[in-house]
Amino acid sequence: MADRTKDIVPVRTRYAPSPTGFPHIGNYRTALFEWLAARHTGGKFVLRVEDTDRKRLVPGSIEAIQEGLKWLGLEWDEGPDVGGPYGPYLQSERLDLYREYAEKLIAQGDAYRCYCTEERLEQMRAEQRARNEPTRYDRRCRYLTPEQRAANEAEGLPSVIRFAAPIEGTTTFHDFLRGDITFDNSTIDDMILLKSDGYPTYNFANIIDDHLMDITHVIRGEEYISSAPRYAQVYRALGWEEPTVVHVPLVLAPDHSKLSKRHGALPLLDYRDKGYLPEAICNFLLLLGWSYDDKKEFFTREEMIESFDDRRLGTSPAIFDMTRLDWFNGHYIRQLTPERLTELAMPFLLRGLPEDVAATVDREYARQVFMLDQERFKTLADVPLLTSFFFVEQPEYDAQLLLGKGMDAERAPAAIEALLAVLGELPDWTAETLLQTLDATVTRLGYIRTKADGTQVPDRGPVFMLVRVAVSGRKETPGLPEMLAVLGRERVLGRLHVALEKLRDLAG
RNA sequence: GCCCCCGUCGUCUAGCGGCCUAGGACAUCACCCUUUCAAGGUGGAGAUCACGGGUUCGAAUCCCGUCGGGGGUACCA
């Protein structure tokens, strides 16, 4: 058996976000794949900020992007904050580099200055559309005479630098997952390398930096496939070797449209605020477009790194399914140790409680409550929803809720009084003795159920539900004896008394 | 319009010419467990593998076409 690890070559990958907003969850999936490719091979994961669009720059988004990566545990080896041998990692600090290579392309005849105004381009495209032609730059400035150029320069006309793309033939690039993809050169126009403000376009800066930073594997979204042949042309003009390119399929909204806020696809950090666990998000994202085999669905961080193989990436778009995310989240919440659960749940609890109540919460008591409800939390946002009754002075509920199947206005007060009589005297307040006491009361009060085989057993249902509502104000709660044990004698007795009063008021 | 990518249960997917009367998971339904709700267990329903042609003894798997979905078509990324 050959040692497979010998075949693994360390790769350099990069996450190259543009600080024009707060990336949504699909963007981070790409980052996850890039990070995994690097970790799996013992390579490096680089964070490079593509801040070349000055108009759309959103203050604070660089910080938010980094916070998101950290939250998911996707730590980078090189980046704007930590530096590295290929810096700077902020494209706005690399402007001279792009200029240098753009000039080089002009010198060798592979690029040219274009003086066309945006108005003219706009008009040109409008006419092309009217004639039902593809909208493309008509290359007017590509064929300017040296005299015309000199005149434009003398006049001080603003200009951009465009790539002089091959006009005839085809361009083929290799997609790691899909194989060779060929575009007819007649469909590719002369893309802008450097904008009139001196900043590079995303496309150009990307090419230059991926090469200069020695990126071996470019993993990016499928929306870049149509730009890929142009990148290939520039690499070739510069005489550079092209990195391996992996286009991962898009993540779509449930209605197959592009992922947007209204479908629940929020900026990543919003998921943290909504009570999702990073391990759940990672696991969910991992399996959106990638699979290990037909069985394995839960991956620890180590297992992810160990088993990630970019050859198993898919090529068809995946739909973002919130329900599945919730399931993963519930799973990982159940996985939490009591201590970690408490740590994570506490802020959510305190935020959901009235201020005066929040101020009195005892950590140890809360810990016991959380453990009781652990298997019921789908997200941490459920914490206050399911557990607030443990903390308030007295839960509010409609007296009618106390009555139900097998429990009417006559029997309810009797049952509570019977319980009150014994619970006050209980020598120890544990789930075990509480269950015994509850059962004894049920039997004494004559709640009997006949099973299918004819045997008679105590019918816990009606009394248990009565007590459940009395102490919690709700019909769904953790197991009754366990819940009473945690609530403590004082609260339970107090709430039973309140229930009794409510029943009397009801009777009129 | 033009160019490109994609197309297996509602959803995420396994499958890479015979092991497939297509497997797993989420969701859904039923039952079990049971003091409620969950969690867990068992089982069911759910995909003529988008459709139509080929190739082959044999196709979800290869080829062509059609349709459908998506992306691109910016001095955005």
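Labels below follow one simple rule: chain letters A, B, ... track the order of the sequence lines, proteins then strands, and each chain is numbered from 1.
Residue I319(A) places its side chain closer to U11(B) than to any other of G71(B), C4(B), U11(B). Distance from the side chain of R449(A) is smallest for U35(B) among the nucleotides U35(B), G15(B), C75(B). For N203(A), taking side-chain heavy atoms from C-beta onward, the closest of the listed nucleotides U36(B), A77(B), G1(B) is A77(B). Here the nucleotide nearest the side chain of I181(A), chosen from A77(B), C12(B), C4(B), is C4(B). The E118(A) side chain lies nearest to C75(B) when the options are U13(B), U11(B), C75(B). Ranking A77(B), U36(B), C6(B) by closeness to the R468(A) side chain, first place goes to U36(B). When each of G15(B), G70(B), C75(B) is scored by its nearest atom to the side-chain atoms of L252(A), the top-ranked nucleotide is G70(B).
Nucleotide A77(B) holds its P atom 14 Å from the CD1 atom of I65(A), rounded to whole Å. When rounded to the nearest whole Å, the span between CZ of R312(A) and P of C16(B) equals 10 Å. If you take CG of L438(A) and P of U36(B), they are 13 Å apart, rounded to a whole angstrom. Distance CG (N27(A)) to P (G71(B)): 14 Å, rounded to an integer number of Å. Spacing between atom CZ of F204(A) and atom C1' of C75(B) amounts to 14 Å, rounded to whole angstrom units. In this structure, L287(A) atom CG and C12(B) atom P are separated by 12 Å, rounded to whole Å. Between the CD1 atom of I207(A) and the P atom of A77(B) there is a distance of 13 Å, rounded to whole Å. Between L313(A) atom CG and U13(B) atom C1' there is a gap of 13 Å when expressed in whole angstrom units.
Remark: R311(A) is not in phosphate contact with C16(B), judged by side-chain N or O atoms under 4.0 Å from OP1 or OP2.
Aromatic pair Y224(A)/Y202(A): ring centres closer than 6.0 Å. Taking the ring centroids of F320(A) and F284(A), they lie under the 6.0 Å cut-off.
On the P atoms, U55(B) is 40 Å away from G44(B), given to the nearest whole Å. Comparing the C1' positions of C32(B) and A39(B) gives an interatomic distance of 14 Å, to the nearest angstrom. Across the P atoms, G23(B) and G43(B) are found 14 Å apart, a figure rounded to whole Å. For the P atoms, the distance linking G41(B) with G24(B) amounts to 15 Å, nearest Å. Straight-line distance between the P atoms of A60(B) and U66(B): roughly 23 Å, to the nearest whole Å. Spacing of C1' atoms, U61(B) relative to U8(B), comes out at 11 Å, to the nearest Å. Remark: the separation of the C1' atoms in A27(B) and G15(B) is 23 Å, to the nearest Å. With both ends at atom C1', the span from C16(B) to G10(B) equals 26 Å, rounded to whole Å.
As the counterpart of U61(B), no nucleotide is assigned, since no Watson-Crick or G-U wobble pattern has both distances under 3.5 Å. Using the Watson-Crick or G-U wobble rule with both distances under 3.5 Å, C49(B) pairs with nothing in any strand shown. Using N1 to N3 plus N6-O4 or O6-N4 for Watson-Crick, or N1-O2 and O6-N3 for G-U wobble, each under 3.5 Å, C26(B) pairs with G10(B). Pairing for G1(B) is with U73(B), a Watson-Crick or G-U wobble pair whose two hydrogen-bonding atom distances lie under 3.5 Å.
Between the side chain of R376(A) and the base of C37(B), a donor-acceptor pair under 3.5 Å is found. Counting distance only, with no hydrogens placed and no angle test, the side-chain atoms of T201(A) and the base atoms of C75(B) include no donor-acceptor pair under 3.5 Å.
L484(A) and W429(A) make their closest contact through O-NE1, 2.8 Å (heavy atoms, listed as atom of the first residue, atom of the second, distance). When all heavy atoms of G314(A) and L177(A) are compared, the pair lying nearest together is O-CD1, 3.8 Å.
When each of L250(A) and P478(A) is assigned the nucleotide of RNA chain B with its nearest heavy atom, P478(A) is the one assigned upstream, toward the 5' end. Judged by closest nucleotide on RNA chain B, L288(A) is the one of M465(A) and L288(A) placed further toward the 5' end.
With hydrogens and angles left out, the side-chain atoms of Y115(A) and E155(A) include no donor and acceptor closer than 3.5 Å. Donor-acceptor pairing under 3.5 Å is lacking for the side chains of T172(A) and D180(A). Using modelled atom types, one finds a donor on one side chain and an acceptor on the other under 3.5 Å when comparing Y112(A) with D190(A).
Classified by interplanar angle (parallel below 30°, tilted 30° to 60°, perpendicular above 60°), the ring pair Y332(A)/F298(A) is perpendicular.
Side-chain contact between H217(A) and D310(A) is present, with at least one heavy-atom pair separated by less than 4.5 Å. When side chains are defined from C-beta on, F163(A) does not count as touching R142(A), because their heavy atoms never get closer than 4.5 Å. Side chains of K405(A) and M465(A) form no contact here, defined as non-hydrogen atoms less than 4.5 Å apart.
Take S92(A) and apply the side chain to side chain donor-acceptor pair (under 3.5 Å) test, not counting sequence neighbours, and it matches D51(A).
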Look for any protein N or O under 3.5 Å of an N or O in nucleotides 72-74 of chain B and output each such pair with its distance, or none.
residue	atom	partner	partner atom	Å
G72(B)	O4'	S226(A)	OG	3.3
G72(B)	O2'	S226(A)	OG	3.3
U73(B)	O2'	T135(A)	O	3.0
U73(B)	O2'	T135(A)	OG1	3.3
A74(B)	OP2	T135(A)	OG1	3.4

| task | Quick one, give me the B/S/- string for nucleotides 18-27 of chain B, reading 5' to 3', where B means a protein heavy atom under 4.0 Å from the base and S means that only happens at the primed atoms, P, OP1 or OP2. | result | -----BSBSS

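G314(A) comes within 4.0 angstrom of nothing in the nucleic acid, heavy atoms only.
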